[in-house]
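Take a look at the structure set out below.
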Amino acid sequence: MKIVIDEISTINKMVAKEITKLVKNNPNAVLGLATGGTPLGIYENLVLDYKENKTNYENVTTFNLDEYVGLDINHEQSYHTYMRKNLFNHININLENTHFPTLENPQSYTKLIKEKSIDIQILGVGSNGHIGFNEPGTSFDSETGYVTLAESTIEDNKRFFDSIEDVPTSAVTMGLKDIMSAKRIMLIAFGKNKAQAIKQLINGKEDEAWPLTILKRHPYVTVYLDKEAASLIE
Ligand code: PGA
């Protein structure tokens, strides 16, 4: 596992550059995408690059990590809306090639990921160590499916909603096994509230109580941290 500690703006540029490099070399690239606060700067850089260099996303396929259950896909806080607003509306991606897990057919998501094979998976991490919405205690063998959100996740995500009662309490998420099937994983964490989870990943053992520690098994992971997220590493 490679660890990069740098300024947030530098990391955003570095990660975006890896993505555009992949897409330029492989026009049929398959990307695993994350939502939340962390990847916003990466998507900004991808949009900037598209404006300047016209990187071609026409044949790129994407798989998002998760989506809330109980929000219409057009709700302003749905992850469908997030992706359109922050990335898809600003590049020449074919929306038919962009995928989200659904409650109706989670097994088909796992199947499609296996068929297509993700080249780069972008990951944020929850303060409790979740990746996707795979909360603490999730089996390391999990595939895409319905999950209940942890109290701490609802608390962390209330900043996006008017009140905590409005935060969905369940979701559909790509499973840990699906995430691990990606050829390359880039995990990004910024801020002090991620420091404990990052310490578990770097200094701790594989432990289902800290879902991100499954990444210790993956042969090609880069962890991008700002100073605060890296502050508890021994
Ligand atoms: P954040 O969420 O990027 O909004 O901090 C990350 C996550 O919950 O995976």
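These numbers come from the heavy atoms of this one structure, side chains and all, not from hydrogens, waters or symmetry mates. Remember, it's 1-based here, ligands and their atoms both numbered in the order they're listed.
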Worksheet item: For the ring pair Y79 and F100, is the centre-to-centre distance below 6.0 Å?
Response: no

Discussion item. Evaluate H130 for polar contact with ligand 1, using N/O atom pairs at a separation under 3.5 Å.
Written reply: yes

Discussion item. I need the contact type for V125 against ligand 1. Using non-hydrogen atoms and a strict under-4.0 Å cut-off, is it side chain, backbone, both or neither?
Written reply: backbone

Worksheet item: Looking only at N/O atoms, are F160 and ligand 1 under 3.5 Å apart anywhere?
Response: no

Discussion item. Within a 6.0 Å radius of atom CD on E7, are there more than 12 heavy atoms belonging to other residues, nucleotides or ligands?
Written reply: no

Worksheet item: Can you tell me the protein heavy atom closest to atom 3 (O) of ligand 1 and the distance?
Response: T38 OG1, 2.4 Å

Worksheet item: Considering only heavy atoms of G36, which atoms of ligand 1 have at least one such atom less than 4.0 Å away?
Response: 3 (O), 4 (O)

Item to complete: For atom 5 (O) of ligand 1, find the nearest protein heavy atom and state the residue, atom name and distance (0.1 Å precision).
Response: K194 NZ, 2.7 Å

Discussion item. Distance under 4.0 Å to a non-hydrogen atom of G37: what atoms of ligand 1 satisfy this?
Written reply: 1 (P), 3 (O), 4 (O)

Worksheet item: Which pair of heavy atoms, one from V172 and one from P101, lies closest together, and at what distance?
Response: O-CG, 3.6 Å

Worksheet item: Which atoms from ligand 1 have a heavy atom of G124 less than 4.0 Å away?
Response: 9 (O)

Worksheet entry | Full working for ring pair (Phe, Tyr, Trp, His ring centres under 6.0 Å) between F88 and Y57 | CA-CA 10 Å; F88 297 159; Y57 292 85; 9.4 Å; no

Practice prompt. Apply side-chain contact (heavy atoms from CB on, under 4.5 Å) to K183 and Y220, showing your working.
Written response: CA-CA 7 Å; K183 291 177 199 148; Y220 194 9; 5.9 Å; no

Item to complete: List every atom of ligand 1 that sits less than 4.0 Å from any heavy atom of G126, numbering the atoms from 1 in the order shown and giving each element.
Response: 7 (C), 8 (O), 9 (O)

Worksheet item: In this structure, which one of N193, D156, T153 forms a side chain to side chain donor-acceptor pair (under 3.5 Å) with S127?
Response: D156

